[in-house]
Amino acid sequence: MECPEIRKGEHGMSKTEKSGRAAAMDDLIVVTGAGGFIGGSLTRSLHERGFTRIRVVDKKPLPDWYQRVPGVECLCLDLSHRKNCERAAEGAVEVYNLAADMGGMGFIERFRIECLRSILINTHMIEAAYRAGAVRYFYSSSACAYNTDLQKSPDVRALKESDAYPAMAERGYGWEKLMSEMFCQEYWAERGLKTFIARFHNVYGPNGTWDGGREKAPAALCRKVIEARDKGRNWIEIWGDGTRTRSFMFIDDCVDGIDRITHCEDLIATPINLGSSELVSVNDLVTIIEGIAGVKLERRYDLSAPKGVGGRNSDNTMIKRVLGWEPSTTLRDGLRKTYAWIEEQYADRKAGRKTVE
Ligand code: NAD
């Protein structure tokens, strides 16, 4: 794989390695970052699938969580502290670490220190999970861990897992992900903790950030179109020149993929792409959203705004080979649901009702 030094299986048979089973319905499952977008959706899915002991953790106060799932133990803890991670991991059988200080391009280009500090979360959380005797540990990495030299042109070759090395990750956020991936790999190699690492490519959908500076392009563009319609304006502002390309994965595919990856023994300590391979430009994205909204707007390009790499797509050869599966929700279908949800949030906010942004 891309990290050739990884010494798989050099440890003896540990407590964790002996148990290769999927979680029982009453095993304790811990989700961190559960007040956020993906952690919240993962928690809801685990609850709907019938898991009876779920503990969820986030540093945000409870009223600010995107989703609150009934019957789930909620803890408000800052997981950059070791003691809090120990409390969070107590008795856990599976740990899903989705906590990170992150946002869209506007956030990760401006606040690299905040992004780098997330290394404390994974560093303490993986140790706490190991000490608690957890069987499986999932880590949410990112396509930002890939070598940026391979992402200069909008006309990109899709990124395959080996493209992370030689390393030239996105400054701040991407390097934090790459280092945390290495922690996960070494906890398997040296200590026998089964770790699973997915490199998410842009995730979007309902119940995520849609305003306030941390939102990503799909949510931001939905909001701008909704706002333009509401205010009777015939234009929107677009960051960059609209030609940059990306792929976007719908949240339901992301949650499904996390479960498949975490329960595949062939993927222990092996970073894998979890993303859509439907490549579109920002202009294409706007066109789809306009189609959903039934409007056509003048596009005003802000060339001084943060724009990120020229192009990025997910090569899904490995996930198809290993899991016989890949994210398949079309961008049009996913955006229709996302647009409808943001429209509701926008109307609620306008009416003075509480929303979560
Ligand atoms: P999010 O910002 O909605 O959720 C992250 C949550 O982590 C937030 O609720 C935040 O309060 C919490 N958090 C931050 N610092 C914490 C701390 N010290 N202690 C406890 N909680 C803390 O982000 P998301 O989109 O749900 O992302 C989840 C994970 O997936 C992150 O690791 C992120 O880097 C990764 N990821 C997301 C995307 C995407 O497109 N959304 C892409 C690549 C990787």
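Every number for a ligand or one of its atoms is a count from 1 in the order of the listing.
- Applying the salt bridge (Lys or Arg N to Asp or Glu O under 4.0 Å) criterion to Arg171, with sequence neighbours excluded, gives no partner residue.
- Between Tyr96 and Phe138, the ring-plane angle classifies as tilted under the 30° and 60° cut-offs.
- Between the Asp78 side chain and the Ser80 main chain, a donor and an acceptor come within less than 3.5 Å of each other.
- Side-chain N or O atoms of His47 include none that pairs as donor or acceptor with a backbone N or O of Thr43 at under 3.5 Å.
- Arg260 is linked by a salt bridge (Lys or Arg N to Asp or Glu O under 4.0 Å) to Asp256, counting only residues two or more places apart in sequence or in another chain.
- Protein residues with a heavy atom closer than 4.0 Å to ligand 1 are Gly33, Gly35, Gly36, Phe37, Ile38, Asp58, Lys59, Lys60, Tyr66, Leu77, Asp78, Leu79, Ser80, Leu98, Ala99, Ala100, Asp101, Met102, Ile121, Ser140, Ser141, Ser142, Tyr173, Lys177, Phe200, Asn202, Val203, Lys216, listed by chain and number.
- Through side-chain heavy atoms spaced under 4.5 Å, either directly or across other Ile, Leu, Val, Met, Phe, Trp or Tyr residues, Leu159 is tied to Tyr146, Leu150.
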